[in-house]
Amino acid sequence: MYENEKRISAMEALKHVHSNMKLGLGTGSTTKYFLDGLGELVKSGKITDITGVPTSLRTADLAKSYGIKIENNLEGIEIDFDGADEFDGSGNLIKGGGGALVREKIVAYNSKEVYIMADHSKFSEKLHSFPLPVEVLPFMEDVTKKNIEKTGCKATFRDGKKFKSDNGNYILDCRFDFTDVVLETEIKMIPGVVEVGIFSGITTKVFIGENEKCRVMDFQKS
Ligand SMILES: O=C(CO)[C@H](O)[C@H](O)COP(=O)(O)O
């Protein structure tokens, strides 16, 4: 869905990459358009000396296949490029639809700039349409689920516990009427919770594909 808009947002974001940069590399289908474009520039030699810090094993494999140097070292990341499942007018995000939220948050938090690429359908005035992904330890996970539900949601294990993250944990998809960003700390306090897919105060730009154009929203990292 909206593949052309995803591609347009990724191509606009890619204009901010030049030789000799260290980048955070996100996960998902929109980021794949970005990586495909970056790969072409690297392979053709138009851009050189790119180092990427990947947010998932699949992103690491793809980047390596394009000859992009991979490093698991967070120091000096200039821009992190990633997608989102939903975003609001303040740049708050819901992430984790691809199950990579833990590594995505670590890389985003430690990057100077965080550029999000998305098609227009991901925008909501108030975060509500995408169920909030929460990564939980595979230990007493049914109790963790019940405790998360006390915050006001209905939670389901992704693919009935068949899905495990790159970190070997389960993902709970939590359906709230409205995902208030204050839930990030409330849920994170629950024992067994590894990470919450609310990214607040982290985004610096959102590239939004709208038909054939790209609109850019700017924010300050807090
Ligand atoms: O958070 C993510 C993965 O954990 C992705 O960025 C998010 O799911 C968006 O993916 P896509 O670009 O395929 O719509």
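Indexing begins at 1, ligand by ligand and atom by atom, following the structure's order.
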Practice prompt. Output, in order, the C-alpha distance, side-chain angles, deciding distance and verdict of salt bridge (Lys or Arg N to Asp or Glu O under 4.0 Å) for K205 and D218.
Written response: CA-CA 5 Å; K205 279 187 196 293; D218 287 288; 2.6 Å; yes
Worksheet entry | CA sep, side-chain torsions, deciding dist, call: Y115, F207, ring pair (Phe, Tyr, Trp, His ring centres under 6.0 Å) | CA-CA 7 Å; Y115 289 4; F207 296 83; 5.5 Å; yes
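Using cut-offs of 30° and 60° for the angle between ring planes, the Y170 and F157 rings count as perpendicular.
Geometrically, K6 does not engage Y33 in a cation-pi contact, judged by NZ or CZ lying under 6.0 Å from the ring centre and within 45° of the ring axis. Both the sub-6.0 Å distance and the 45° axial angle are not jointly satisfied by K43 relative to the ring of Y66.
For atom 14 (O) of ligand 1, the closest non-hydrogen atom of the protein is K122 NZ, 2.8 Å. What sits closest to atom 2 (C) of ligand 1 on the protein, heavy atoms only, is E104 OE2, 3.3 Å. When only non-hydrogen protein atoms are considered, atom 12 (O) of ligand 1 lies nearest to T30 OG1, 2.6 Å. Ranking protein heavy atoms by distance to atom 7 (C) of ligand 1, first place goes to D85 OD1, 3.1 Å. Looking only at protein heavy atoms, the nearest one to atom 5 (C) of ligand 1 is T27 O, 3.2 Å. Given atom 11 (P) of ligand 1, the protein heavy atom at minimum distance is S29 OG, 3.3 Å.
Not one N or O of G28 is nearer than 3.5 Å to an N or O of ligand 1, by distance alone.
Ion pairing between K22 and E78 fails under the 4.0 Å rule for side-chain N and carboxylate O. The existence of a salt bridge linking E210 and R215 is confirmed by a sub-4.0 Å separation between a basic side-chain nitrogen and an acidic carboxylate oxygen.
Those atoms of ligand 1 that come under 4.0 Å of a heavy atom in G96, given as number and element, are 1 (O), 2 (C), 4 (O). Of all atoms in ligand 1, listed by their number and element, those nearer than 4.0 Å to a heavy atom of D82 are 6 (O). Those atoms of ligand 1 that come under 4.0 Å of a heavy atom in G83, given as number and element, are 6 (O). Each of the following atoms of ligand 1 lies closer than 4.0 Å to a heavy atom of G97: 1 (O), 4 (O), 8 (O). Within ligand 1, counting atoms from 1 as listed, the ones closer than 4.0 Å to a heavy atom of G99 are 4 (O).
Remark: the backbone N or O of H120 is paired with a side-chain donor or acceptor of E5 at under 3.5 angstrom.
Ring centers of F176 and H128: at least 6.0 Å apart, outside the cut-off.
Heavy-atom distances between A84 and ligand 1 reach below 4.0 Å in at least one pair.
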